[in-house]
Amino acid sequence: MDDRQRYDRATAALEPPFAIVDLAAMRANAADLVRRAAGKPIRVASKSIRSRPLLERILAMDGFRGVMSYTLPEALWLAGNGITDILVAYPTADRHALAALAGDARAAGHITVTVDSAAHLDYIEAAVAAVRPRAEIRLCLDLDAAYVAFGRRAGALRSPVREPHEAADLAAEIAKRPGFRLVGLLAYEAQIAGVGDAPPSNAARARLIRLMQALSARELILRRGRVVNAVRRLADLEFVNGGGTGSVELTTREKAVTELAAGSGFFHPRLFDFYRRFTGRPAALFALPVVRRPGPGTVTVLGGGYLASGPAGPARAPQPYLPAGLRYAPEEGAGEVQTPLLGQAAEDLRLGDRVWFRHAKAGELCEHFDALHLVDGDTVVEPVPTYRGEGRTFL
Ligand SMILES: Cc1ncc(COP(=O)(O)O)c(C=O)c1O
């Protein structure tokens, strides 16, 4: 039985649209991340999962430790549901959530928030000023891990803190202020971890990306090491987090890094097909029903316009995956309520048949579905709620 037959059989009792996670594929992807991490623990990026039960299943596997969450309200909710060791890896300006954190000693013991400037410290102090008693707030310092050369910059625009003396200044500022404790350092090299080095049919671009990534890795290993040394003189760091799905085996080689981060690798969405260093198995799919046949070689499915974030373009559209050989109508793309699909494979599709898609990214898929149906072999073992299915839309 091929994958399409297996998924169709497992979900025969369901009405599309719905989303599935193939557990065997996800377990294989998780095992490969652990192999690539070569002994260092992996913090699970919840933005790329967005389902609490699934997050718990992953955390129960060997090799994973802690959650990298994306908003403080999310972290508080996870902590309230028994998850421990949560790093909110993006700064927060949510005054209510900060006050709730400071007022809840148990949650404050499990959650770390990220800062990259004294302005963040001022902001947090103002938000928690009226809280009594006030729990100590655990902080993580975010470091700019982008590559800068020849007046150009590759990488995410994140922290303004780049050099060892800048990191040391902020660490000293934190040490001066009561109520804060610096426990972690974060440096995410998006230009390596999030950029595939094997872009389709563009050899020149591939060469450029590989050169940039090699130079960036060489620069970062020195700078990250120096920053960590400088900060360790001022604070007892519990962790130094780096990397992502696309860089696990490279980042783990750096002595200064104590743990990796990964999220997308579990579902292995479309954008992660373009790396030479690893191949995952597509694990999260969604099914849309064929609702009409406009003409020869064409079917129309219901919905489909689940575009991924990032620079807009064709790479952010879902991939019509199974049956193979379907493509979008160029003037319509992935539509709001209906999506025409062209190709020879359309000839064999009847009304009510499913077309299986992959999202371009990982967790954003979960904003469109209340549940993920977990498939093991050719059966659905259980539906688990997404964040949205639990009434939680954090972003
Ligand atoms: C701080 C941080 N670490 C790691 C990652 C990597 O996540 P993923 O493995 O889902 O690509 C990201 C993604 O944007 C991130 O923002």
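Computation of the quantities below employed the complete heavy-atom set of this structure, encompassing side-chain atoms and omitting hydrogens, waters and symmetry-equivalent molecules. One-based numbering, in listed order, for ligands and for the atoms of each.
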(Q) Checking side-chain polar atoms at under 3.5 Å, does Thr393 have a donor or acceptor matched by the opposite partner on Glu367? (A) no
Q: Establish, from distance only, whether the side-chain atoms of Trp356 and Asp3 form a donor-acceptor pair under 3.5 Å.
A: no
**Q.** ligand 1 N/O within reach of Tyr90 N/O, cut-off under 3.5 Å
**A.** yes
Q.
Let's go through Thr258 and Lys40 carefully: what are the C-alpha distance in whole Å and the side-chain angles of both, what is the deciding distance for side chain to side chain donor-acceptor pair (under 3.5 Å) to 0.1 Å, and is it a yes or a no?
A. CA-CA 7 Å; Thr258 65; Lys40 287 189 187 169; over 6 Å; no
**Q.** Atoms of ligand 1 close to Arg158 [distance to a heavy atom under 4.0 angstrom, numbered from 1]
**A.** 1 (C), 16 (O)
Q: May I ask whether Ala193 places a heavy atom under 4.0 Å from ligand 1?
A: no
Q) Got the closest protein heavy atom to atom 13 (C) of ligand 1, with its distance? A) Lys47 CE, 3.2 Å
Q | Ring-face cation contact, Tyr321 with Arg270, 6.0 Å cut, 45° max | A | no
Q | Any N or O of Gly244 closer than 3.5 Å to N or O of ligand 1 | A | no
Q. In ligand 1, which numbered atoms sit nearer than 4.0 Å to a non-hydrogen atom of Ser48?
A. 10 (O)
Q. What atoms in ligand 1 come closer than 4.0 Å to a heavy atom of Thr245?
A. 8 (P), 9 (O)
(Q) With a 4.0 Å cut-off on heavy atoms, is Tyr70 in contact with ligand 1? (A) no
(Q) If the cut-off is 4.0 Å to any non-hydrogen atom of Ala262, which atoms of ligand 1 fall inside it? (A) 9 (O)
Q: Below 4.0 angstrom from a heavy atom of Phe272, which ligand 1 atoms are there? Numbered from 1 as shown, please.
A: 11 (O)
Q. Looking at atom 8 (P) of ligand 1, what's its closest protein heavy atom, distance included?
A. Ser264 OG, 3.3 Å
(Q) For the residue pair Thr300 / Gln338, report whether a side-chain donor-acceptor contact shorter than 3.5 Å exists. (A) no
**Q.** Proximal ligand 1 atoms for Gly243, defined as those under 4.0 Å from one of its heavy atoms
**A.** 3 (N), 4 (C)
Q: Just do the salt bridge (Lys or Arg N to Asp or Glu O under 4.0 Å) check on Asp142 and Arg158 with the steps written out, would you?
A: CA-CA 8 Å; Asp142 195 359; Arg158 294 175 60 112; 3.4 Å; yes
Q: Kindly state whether the ring of Phe286 and the ring of Phe357 have centres lying under 6.0 angstrom apart.
A: yes
Q. Under 6.0 Å from the six-membered ring centre of Phe369 and within 45° of its axis: does the NZ or CZ of Arg388 meet both?
A. no
